[in-house]
Amino acid sequence: MADINTINKDFADLFDQGNELLLEGSSDVMNETRKNAFQDFSKLGIPTRANENYKYTNLIPAFDHPYNVNLRYQNVDVDLNEIFQCDVPELDTNLVLLTNGWYYGNNKELTELPKGVIVCGVQEAAEKYPDIFNAHYGKYAKTEEDGVVALNTALAKDGFFIYVPKGVVIEKPIQVVNLLRSDRDLMATQRNLIVVEENAQAKIIVCDHTLTHHKYLTNSVTEVNVARNAIFDLYTLQNQHLNSVILNSTFIRQESHSNVLSNTISLYGGTIRNNHHVLLDEEYCENNTFGMYLMDRDQHVDNFTSIDHAKPNCLSNEHFKGVMDDQASGAFAGRIFVRRDAQQTQAYQSNNNLLLSNDAVINTKPQLVIDADDVKCSHGATVGQMDEDALFYLRARGIDEKEARQMLMFAFAHEIIEKIRVEPLKERIDELVDKRLRGEISKCNTCAIACNH
């Protein structure tokens with residue numbers, strides 16, 4: 001295995017040798033941001049376990065691999081009817097497709113969007129809508145704090161751009177499907193930008209899938225700005241095969257009286273790292289951040305969250321739950337910051353974990369950093385096994401042990417699922433989670449989720 005210095009040098013060489021392709025088709029703002037990000041990456045490099053924020057996730061094996069990297073768009077033919085047999089067939093959505101980190105040019109399902117809504121690729125947005133794009137791109141993702149985010153920004157070429165203008169309500173959710181399909185092992189870099197203007201409302205569902213059995217590393221960064229009085233939901237469903245590594249970083253900035261709900265469901269994947277940053281930048285914001293992870297075999301999941309109360313009178317609720325089996329490992333590190341001027345803050349955080357085997361491991365570290373004195377804040381974490389009293393209660397009523405355990409696990413997970421504000425999506429995830437807990441992988445015949453199964 002290569003050492004971290006060699007890996008960092010390989011990416012520095014990739015940046016230098018691919019500089020012409022990186023600049024090609026990218027806007028001046030993207031390229032200037034790219035330049036600064038590479039300088040930050042040169043200082044930070046890929047995070048190791050010596051970095052406190054990555055203490056429980058070893059990224060060296062993930063990056064120590066000769067991936068193919070596409071710095072120019074490569075056309076990938078996909079059959080949408082084939083793909084969505086294994087998704088949410090009852091869910092009526094505006095469908096957006098990305099392949100290997102690039103916006104798919106044949107998106108034709110967006111004709112029902114309200115007037116003024118923009119959905120396109122990041123490169124196209126930079127060219128056609130520079131005022132909107134330049135006002136937000138690179139403003140919320142901090143490259144000076146995380147080498148993974150810096151690397152994404154340095155290598156970013158495309159992703160999705162969604163703009164919801166002032167006062168517009170999108171009744172039908174936008175479903176973004178990120179597909180990985182390649183005939184070689186692949187590293188995909190995806191950069192997304194979402195702008196929800198004043199008094200607007202939108203729900204976005206992001207689904208991650210693999211369609212071939214190759215090894216994949218996805219480094220994705222999403223920046224979101226939610227303006228005054230806007231309501232925004234972001235649902236992420238992670239369902240990839242065991243050869244996949246997902247690095248998913250989301251940065252959300254909220255303005256006054258905005259309401260944001262995010263829910264990340266990690267069903268399957270080799271290594272998953274979710275970075276979730278929220279900045280409550282004006283008064284009277286409400287943020288609800290939820291997550292659920294179901295891991296078995298040798299899978300690993302790490303959720304790192306930061307909720308920054310920068311202004312007074314804001315409310316945040318954060319709740320993550322996990323079910324770990326076999327030799328699975330996981331981590332949760334949640335940080336709530338209450339700044340000196342953020343009086344009358346209400347902030348609540350909880351992490352609960354269920355271990356189904358003696359070999360499963362979870363590390364949990366909820367944290368509060370409070371500089372204000374007029375606040376209501378709490379945090380806590382639990383790690384335990386099945387409630388034997390509840391199990392006895394069910395068995396005493398004639399339910400066999402296997403089914404009783406299944407019922408208790410499902411009830412444990414459902415507390416997070418019920419927070420979803422899209423009913424067909426809630427029902428479908430309930431179904432997926434039930435099958436996942438039973439050891440069944442819900443899939444259509446063509447999905448690569450069966451890889452290494």
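Fair warning: this is a prediction, and the values are worked out from it, not measured in the lab.
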Checking Y73 against N75 for the side-chain contact (heavy atoms from CB on, under 4.5 Å) test, could you report, in this order, the C-alpha distance in whole Å, the side-chain angles of both residues, the deciding distance, and whether it holds? CA-CA 6 Å; Y73 176 72; N75 185 53; 3.5 Å; yes
L14 and V69: CA distance, side-chain angles, deciding distance, side-chain contact (heavy atoms from CB on, under 4.5 Å) verdict: CA-CA 9 Å; L14 172 64; V69 180; 4.2 Å; yes
side-chain hydrogen bond (donor to acceptor under 3.5 Å, both in side chains) assessment of H65 paired with D185: CA-CA 9 Å; H65 188 79; D185 294 350; 2.6 Å; yes
Show your reasoning for whether side-chain contact (heavy atoms from CB on, under 4.5 Å) applies to N352 and T364. CA-CA 9 Å; N352 307 112; T364 180; over 6 Å; no
Pair N225-E223, side-chain hydrogen bond (donor to acceptor under 3.5 Å, both in side chains): steps then yes or no: CA-CA 7 Å; N225 190 74; E223 295 181 287; over 6 Å; no
Checking side-chain contact (heavy atoms from CB on, under 4.5 Å) for the pair S27/E127: CA distance, chi angles, key distance, verdict? CA-CA 7 Å; S27 69; E127 177 185 352; over 6 Å; no
Q254 and N287: side-chain hydrogen bond (donor to acceptor under 3.5 Å, both in side chains), yes or no, with the steps? CA-CA 9 Å; Q254 292 184 231; N287 181 272; 2.9 Å; yes
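Separation of atoms CD (E418) and CD1 (I429) is listed at 13.0 Å; rounding is to 0.5 Å. The CG atom of N8 sits 9.0 Å away from atom OG of S42, with the distance rounded to the nearest 0.5 Å. Interatomic distance, CG of D64 versus CG of D10, reported as 8.5 Å (0.5 Å rounding). To the nearest 0.5 Å, atoms CG (L97) and SG (C207) are separated by 11.0 Å.
K172 has a carboxylate O that lies under 4.0 Å from a charged side-chain N of E112, or vice versa, which qualifies the two as a salt bridge. Remark: K365 engages E52 in a salt bridge, criterion side-chain N to carboxylate O under 4.0 Å. Salt bridge annotation for R34-E32: absent, with no cationic side-chain nitrogen under 4.0 angstrom from a carboxylate oxygen. Ion pairing between K9 and D13 holds under the 4.0 Å rule for side-chain N and carboxylate O. Ion pairing between D158 and R191 fails under the 4.0 Å rule for side-chain N and carboxylate O.
In this pair, H277 and F304 present their aromatic rings tilted. The plane angle is within the 30 to 60° band. Under the 30°/60° scheme for interplanar angles, the aromatic rings of Y216 and H214 are found to stand perpendicular. Between F11 and F41, the two ring planes are perpendicular [angle over 60°; tilted spans 30° to 60°]. Ring orientation note: the planes of F320 and F332 are tilted relative to one another, at an angle of 30° to 60°.
Checked by atom type, the side-chain pair Y268/D296 shows no donor-acceptor distance below 3.5 Å. Using modelled atom types and a 3.5 Å distance limit, the side chains of Q190 and S220 yield no donor-acceptor pair. For the residue pair Y293/N353, the side-chain donor-acceptor check at 3.5 Å is satisfied. Side-chain N/O atoms of H276 and S306 include no donor and acceptor closer than 3.5 Å.
Inter-residue side-chain proximity for N94 and V96 is flagged as unmet; no heavy-atom pair is nearer than 4.5 Å. Residues V149 and K142 form no side-chain contact, since every pair of their non-hydrogen atoms from C-beta on lies 4.5 Å or further apart. In this structure, the side chains of N36 and T143 stay at 4.5 Å or more apart for every pair of heavy atoms. T289 has its side chain out of reach of N317: every pair of non-hydrogen atoms, C-beta onward, lies at least 4.5 Å apart. Residues N192 and I194 form no side-chain contact, since every pair of their non-hydrogen atoms from C-beta on lies 4.5 Å or further apart. Looking only at side-chain heavy atoms (C-beta outward), Q238 and N274 come within less than 4.5 Å of each other. Between V422 and Y235, the closest side-chain pair of non-hydrogen atoms falls below 4.5 Å. Looking at R421 and I231, their side chains come closer than 4.5 Å, going by heavy atoms from C-beta outward.
The backbone N or O of P47 lies less than 3.5 Å from no partner atom in the side chain of N51, so there is not a single donor-acceptor pair. Proximity of a side-chain donor or acceptor of T57 to a complementary backbone N or O of Y54 within less than 3.5 Å is not detected.
The only member of L432, T264, N263, V177 that meets side-chain contact (heavy atoms from CB on, under 4.5 Å) when paired with L237 is L432. Of the options I205, L98, L95, a side-chain contact (heavy atoms from CB on, under 4.5 Å) to V176 is made by L98 and by none of the others. Only one option out of N53, D308, T305 pairs with R335 in a side-chain hydrogen bond (donor to acceptor under 3.5 Å, both in side chains); it is N53.
A pairwise comparison of heavy atoms in P165 and A200 identifies O-CB, 3.4 Å as the closest pair.
Taking the ring axis of F412 as reference, the NZ or CZ atom of K321 stays within 45° of it and closer than 6.0 Å to the ring centre. Relative to the ring axis of Y56, R49 does not place its NZ or CZ within 45° and under 6.0 Å from the centre.
Ring centroid separation for the pair F133 and Y137 comes in under the 6.0 Å cut-off. Between F160 and Y103, the distance separating the two ring centers is not shorter than 6.0 angstrom.
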